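All values reported here derive from a predicted model rather than from experimental measurement. A, B, ... follow the sequence lines: proteins, then strands. Residue 1 opens every chain.
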Amino acid sequence: MAAKSMTLLWGSGSCPCWRAMIALEEKNLQGYNHKLLSFDKMEHKSQQVLDINPRGQLPSFKHGDNIVNDSYAICFYLESQFQNQGNRLIPDAAEERALMYQRMFEGQSFYEKLNNVIYYDLFVPEEERHASALSRNKEALKAELGLWEAHLQKSPGSFLAGSSFSLADVVVFPTMAYLFRFGLSEGRYPKLGEYYALLKDRPSIKASWPPHWLENPKGHEALKDF
Amino acid sequence: MWWVGAGYKTRNVDPSALTPPSFLLLNSRPQLLLVISVTMAKDMTLLWASGSPPCWGVQIALEEKNLQGYNQKLLSVAKGEQKSKEVLEINPRGQLPAFKHGKIILNESYAACLYLENQFKSQGTQLIPEGAAEVGLMYQLIFEAQPLAQKIGEVLYYNWKVPEGERHDSAVQRNKEALKEEMKIWEGHLQGCGDFLVGKSFSLADVIIFPVFAYFIRNGGSEERYPNVAAYYKKLRDRPSIKKTWPPTWIDGPGMGTLKDI
């Protein structure tokens, strides 16, 4: 069985890891070998990771001899190799497919802007931090949230590319989940809230929900005032 | 991700440069397919900047898929034209490339390239290989290329991106080290590589990544320190789709040597 020849090394709460896990679930590839590693204990730099991914990053993924470590690459690879099993994740219609691609890649900008706010202190050494920079990053994230609220208002369906769940939702949902984990107000962003509520109980998403979020349901407050 | 192009006069391709198709003269399938391609390309518009790797990738893809004849406009990032109304109407983010095909809008270069290959699979060069190993490698490389492009930008555009009061030598140094490490990784990836990044044929990996290497070298990147990268660059720079779309602002002379110490 294909899943038995797959191995995923992952960390809890990592959006890229979560994307890969949602994709594996959607393609009915449950049963893949996996190992949960700790970023805090620097396990992403351990030999078992470096053997698959010399960059020492998670996710690290192998299917037989094929190594695919980037989360978007994993998603495209799985959909191309297992197109006819599980859910179809790339729409057939040209317009929907194009919108899917567009949202997937805008999703990278979205993820980056979120990280520039919630992980500012992690990315920037203490002596280089400036309130002006963090403030600018917050404004950029606010503008980005406005764009996504508008995207969802205009979408022909409830999902990012239209009326079916697609790779756009696979890669962007984890970022959306982070917003609410970090205290974003559903009142102020109703379409984002609706999208989050619609998807959080989807089987593939529920099955791959970050374990430490289940252990600690109370999140953070960095985005509470947005 | 934004890219600076030198100030340049805008140029339009004159669509009437192509003889209007006459169905009475068509007596073969290749001619019919050419007419269909040209017709499809006429429904396409690309707004682009010279020297921008994301823009260049889309142009290479259009050539490879035999979609010559698309409408295009060269804009100047130095003059801020990416924030002009005509761009914002297609791309509210005010970034280039901005690409339209009929009602379809694709403003992210990877999105446009993937769309073009999937929509026009059966014409031009096949840009996504067969076989799990090659498909996996292709996707892995195109996404690994993103940190490469990002790190080049962090070095080249530090002063443009970071306000004066927030700049630090320690950050400049760190960005240079990060780019050096990244280039070493790519030098390793290209060890023993054939003419193309994936297997024996030109693929989306080359479409997307060649412009990034060319950009590195153009901005002073050392061919001595990165001989595998240089060899790959030299092998592909005369490929028709690449030669035809070579950044017009690069023909006027050498670039700045900003990356010569990397």
Side-chain angles (χ1 to χ4, degrees), chain A residues 2 5 16 53-55 57 61-82 90-109 112 124-134 136 143-144 146-147 150-151 167-168, chain B residues 1 54 91-93 95 99-120 128-147 150 161-172 174 181-182 184-185 188-189 204-205:
Chain A
S5 58
N53 187 352
R55 289 176 185 266
Q57 292 171 337
F61 177 74
K62 258 185 104 148
H63 173 210
D65 292 327
N66 302 334
I67 291 178
V68 187
N69 296 320
D70 184 274
S71 64
Y72 276 51
I74 294 170
C75 290
F76 279 116
Y77 172 79
L78 290 175
E79 180 59 14
S80 92
Q81 297 305 300
F82 300 98
I90 296 181
D92 282 328
E95 281 189 38
E96 224 181 319
R97 192 166 63 235
L99 188 57
M100 179 203 79
Y101 287 132
Q102 174 64 19
R103 295 291 180 252
M104 284 182 80
F105 291 98
E106 281 188 273
Q108 293 186 310
S109 186
E112 194 181 329
V124 183
E126 195 174 349
E127 56 285 357
E128 293 175 20
R129 293 175 204 157
H130 296 269
S132 48
L134 180 55
R136 199 169 51 247
E144 190 71 24
L147 272 177
H151 284 338
L167 281 186
Chain B
M1 191 73 209
N91 187 358
R93 289 175 186 269
Q95 291 171 332
F99 178 73
K100 263 186 98 147
H101 176 203
K103 286 190 293 180
I104 285 172
I105 290 180
L106 291 153
N107 298 318
E108 303 286 331
S109 64
Y110 281 50
C113 290
L114 284 163
Y115 168 78
L116 289 171
E117 174 55 19
N118 280 287
Q119 196 60 17
F120 299 99
I128 296 182
E130 307 288 341
E134 302 207 333
V135 166
L137 181 59
M138 187 204 82
Y139 282 123
Q140 175 59 27
L141 288 177
I142 67 176
F143 289 103
E144 266 202 68
Q146 290 183 318
Q150 177 135 15
K161 289 178 9 158
V162 182
E164 197 174 346
E166 293 175 18
R167 293 175 202 156
H168 296 268
D169 285 340
S170 48
V172 171
R174 198 176 48 253
E181 288 309 308
E182 187 67 30
K184 282 191 203 147
I185 291 175
H189 281 337
L204 278 185

Report yes if the side chains of B:L106 and A:F105 come closer than 4.5 Å at any heavy-atom pair, otherwise no.
-> no
Engaged part of B:E182 at the chain A interface, taking heavy atoms whose separation is under 4.5 Å = side chain
Against chain B, label A:L147 side chain, backbone, both or neither, depending on which of its atoms sit under 4.5 Å from a heavy atom there.
-> side chain
Gap separating the CE atom of B:M138 from the CZ atom of A:F76, nearest 0.5 angstrom = 8.5 Å
Side-chain heavy atoms of A:H130 within contact of B:H168, under 4.5 Å | yes
Does the side chain of B:Q146 come under 3.5 Å of the side chain of A:Q108 through a donor N or O and an acceptor N or O?
-> yes
Between the CE atom in A:M100 and the CG atom in B:L114, the distance rounded to the nearest 0.5 Å is 8.0 Å
Which of the residues B:S109, B:G188, B:S170 is involved in the greatest number of heavy-atom pairs with chain A at under 4.5 angstrom?
-> B:S170
Side-chain contact, heavy-atom cut-off 4.5 Å: A:Y101 with B:N118?
-> yes
Whatever's closer than 4.5 Å to a heavy atom in chain B on A:R136 counts as side chain
Identify which part of A:N66 has an atom lying under 4.5 Å from any heavy atom of chain B, answering side chain, backbone, both or neither.
-> side chain
Got more than 12 heavy atoms from elsewhere within 6.0 Å of CD, B:E130?
-> no
Any side-chain heavy-atom pair from A:E95 and B:H101 closer than 4.5 angstrom?
-> no
Given side chains that start at C-beta, do those of A:Q102 and B:I105 come closer than 4.5 Å, heavy atoms only?
-> no
Tell me, do B:Q150 and A:E112 make a side-chain contact under 4.5 Å, heavy atoms counted?
-> yes
Locate the shortest heavy-atom distance separating A:S80 from B:V135; write the atom from each residue and the value.
-> OG-CG1, 3.4 Å
Is it the side chain or the backbone of A:P54 that comes within 4.5 Å of chain B heavy atoms, both, or neither?
-> neither
Side-chain contact, heavy-atom cut-off 4.5 Å: A:S109 with B:R93?
-> yes
If you measure only the distance, is there a donor-acceptor pair under 3.5 Å linking the side chains of A:S132 and B:E166?
-> yes
Determine, using ring centers only, whether A:Y77 and B:Y139 are less than 6.0 Å apart.
-> no
Which bit of A:E144 is near chain B, if near means a heavy-atom gap under 4.5 Å: side chain, backbone, both or neither?
-> side chain
Do B:F143 and A:N69 come close enough that some side-chain heavy atom pair is under 4.5 Å?
-> no
Check whether any side-chain N or O of B:Q119 sits under 3.5 Å from a backbone N or O of A:A94 as a donor-acceptor pair, and report yes or no.
-> no
